Amino acid sequence: MVVIIALGTFISTLCGGLFALRFRDKLHLILGFSAGSVIGVAFFDLLPEAIEAGRAQPALTTTSTVAIGFLLYLVLNRVAFVRSKTGDSHSEARRGHLGATTLVVHSFMDGVAIGLAYQVGAQVGLVVAVGVLLHDFSDGINTIEILAGHGLGRRTNIRWLLADAAAPVLGAVTTLFFSMPKEEFGRVLALFCGFFVYIGAAELLPESQHAHSTRLTTLATLFGMGTLYFVIKLVS
């Protein structure tokens, strides 16, 4: 069952990425939606799950881990940027690959989350699986838009999309061979929450507003956050 659901995440992510490739003429609106959905995943999905998993530890520990994730991604992003001249295509490519790598690792953890949830019980596993399936469509969109926003080509976009789609399947399969303490998994979720806040607020959101109407992109961002909120609320 875990592997079958993971294969469903592969299809969901792939469909989201192909959707983004098909409607490239609406790139600024898709970027706005992606910014909202990435921030929505951070605040409405990753952070609550991290808090729930880390109930045995002080709340400050969880929020500090979120801050560490934010600052760590900030440093990695700046390092990728300053190694080349401002505006250099190589610098932009590194930043795009860094963002895509983060999304792929997050997708891998989605698969791990499904597998670990099924270790707790079938009902818990089903709830987590539905949530992952529904927001993986946005993950596919986000992967394409982060890469496109840094000027990477269609072939590179497809390769990263396939990697992102395959990651949950691999993550789910690995849980057939190990188990992770709930508290440790909570720390990982908190770290990725910080990553996603940075990606959404510092990269996707400014890029969506560049040379376009802020009114429409703001509505797209609100729609992205609202969509993720109701999806997560529905399955929780």
Side-chain angles (χ1 to χ4, degrees), residues 3-41 73 76-77 80-81 83-84 87-114 129 132-174 192 195-196 198-200 202-208 210 212 217 220-221 224 227-228 231:
V3 175
I4 290 172
I5 292 173
L7 290 174
T9 67
F10 177 92
I11 296 172
S12 179
T13 304
L14 197 61
C15 287
L18 294 176
F19 175 85
L21 287 171
R22 172 66 179 81
F23 295 100
R24 292 302 303 279
D25 56 328
K26 303 295 183 182
L27 177 60
H28 61 292
L29 296 179
I30 298 175
L31 281 170
F33 177 87
S34 296
S37 64
V38 166
I39 296 171
V41 168
Y73 197 93
L76 290 174
N77 190 49
F81 181 70
R83 287 180 64 182
S84 298
D88 188 346
S89 60
H90 294 294
S91 175
E92 289 300 309
R94 275 195 289 270
R95 297 176 72 178
H97 288 304
L98 176 61
T101 299
T102 298
L103 286 172
V104 169
V105 175
H106 165 256
S107 294
F108 179 86
M109 294 306 298
D110 276 345
V112 172
I114 293 173
V132 170
L133 281 168
L134 290 174
H135 87 246
D136 270 0
F137 185 83
S138 294
D139 283 351
I141 293 175
N142 297 338
T143 300
I144 294 300
E145 297 317 314
I146 285 176
L147 293 166
H150 291 292
L152 294 169
R154 184 183 181 89
R155 185 174 298 179
T156 300
N157 292 350
I158 293 294
R159 284 199 296 265
W160 274 112
L161 177 60
L162 290 173
D164 192 32
V169 182
L170 297 176
V173 169
T174 62
F192 273 89
F195 288 173
F196 273 47
Y198 186 93
I199 290 172
E203 292 197 353
L204 291 176
L205 197 57
E207 186 64 30
S208 72
H210 180 66
H212 293 287
T217 54
T221 300
T227 299
L228 264 294
V231 165

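Bear in mind the structure is a predicted one, so any value in this text is a computation, not a measurement. Sequence positions, counted from 1, serve as the residue numbers for this chain.
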- Message: Between Asn157 and Thr143, is the side chain to side chain contact (heavy atoms under 4.5 Å, CB included) condition met? List the steps.
- Response: CA-CA 8 Å; Asn157 292 350; Thr143 300; over 6 Å; no
- Ser12 side chain to Gly8 backbone, donor-acceptor under 3.5 Å: no
- Does the Thr221 side chain pair with the main chain of Gly36, one donor and one acceptor, at a distance under 3.5 Å? no
Please report the interatomic distance [atom1]([X]) to [atom2]([Y]), rounded to the nearest 0.5 Å.
| X | Y | atom1 | atom2 | answer |
| --- | --- | --- | --- | --- |
| Thr156 | Leu161 | OG1 | CG | 12.5 Å |
| Tyr73 | Ile199 | OH | CD1 | 4.0 Å |
| Thr9 | Leu14 | OG1 | CG | 11.0 Å |
| Leu228 | Ile39 | CG | CD1 | 10.5 Å |
| Phe33 | Leu29 | CZ | CG | 11.5 Å |
| Ile144 | Ile158 | CD1 | CD1 | 5.5 Å |

- Message: For the residue pair Asp164 / Ser107, report whether a side-chain donor-acceptor contact shorter than 3.5 Å exists.
- Response: yes
- After noting the C-alpha distance and the side-chain angles of Phe196 and Leu103, does the key distance pass the side chain to side chain contact (heavy atoms under 4.5 Å, CB included) rule? CA-CA 9 Å; Phe196 273 47; Leu103 286 172; 3.6 Å; yes
- Task: Please report the C-alpha distance between Phe192 and Val41 in whole Å, then the side-chain angles of each, then the deciding distance to 0.1 Å, and finally whether the side chain to side chain contact (heavy atoms under 4.5 Å, CB included) criterion is met.
- Result: CA-CA 10 Å; Phe192 273 89; Val41 168; over 6 Å; no
- Compare every heavy atom of Ala165 with every heavy atom of Pro168, then report the nearest pair and how far apart it is. CD-O, 3.2 Å
- Heavy atoms only: give me the nearest Leu162-Phe10 pair and the separation to one decimal. O-CE1, 4.4 Å
- Message: Could you walk me through whether Val104 and Phe108 satisfy the side chain to side chain contact (heavy atoms under 4.5 Å, CB included) test, starting with their C-alpha distance in whole Å, then the side-chain angles of each, then the deciding distance to 0.1 Å, before giving a yes or no?
- Response: CA-CA 6 Å; Val104 169; Phe108 179 86; 5.7 Å; no
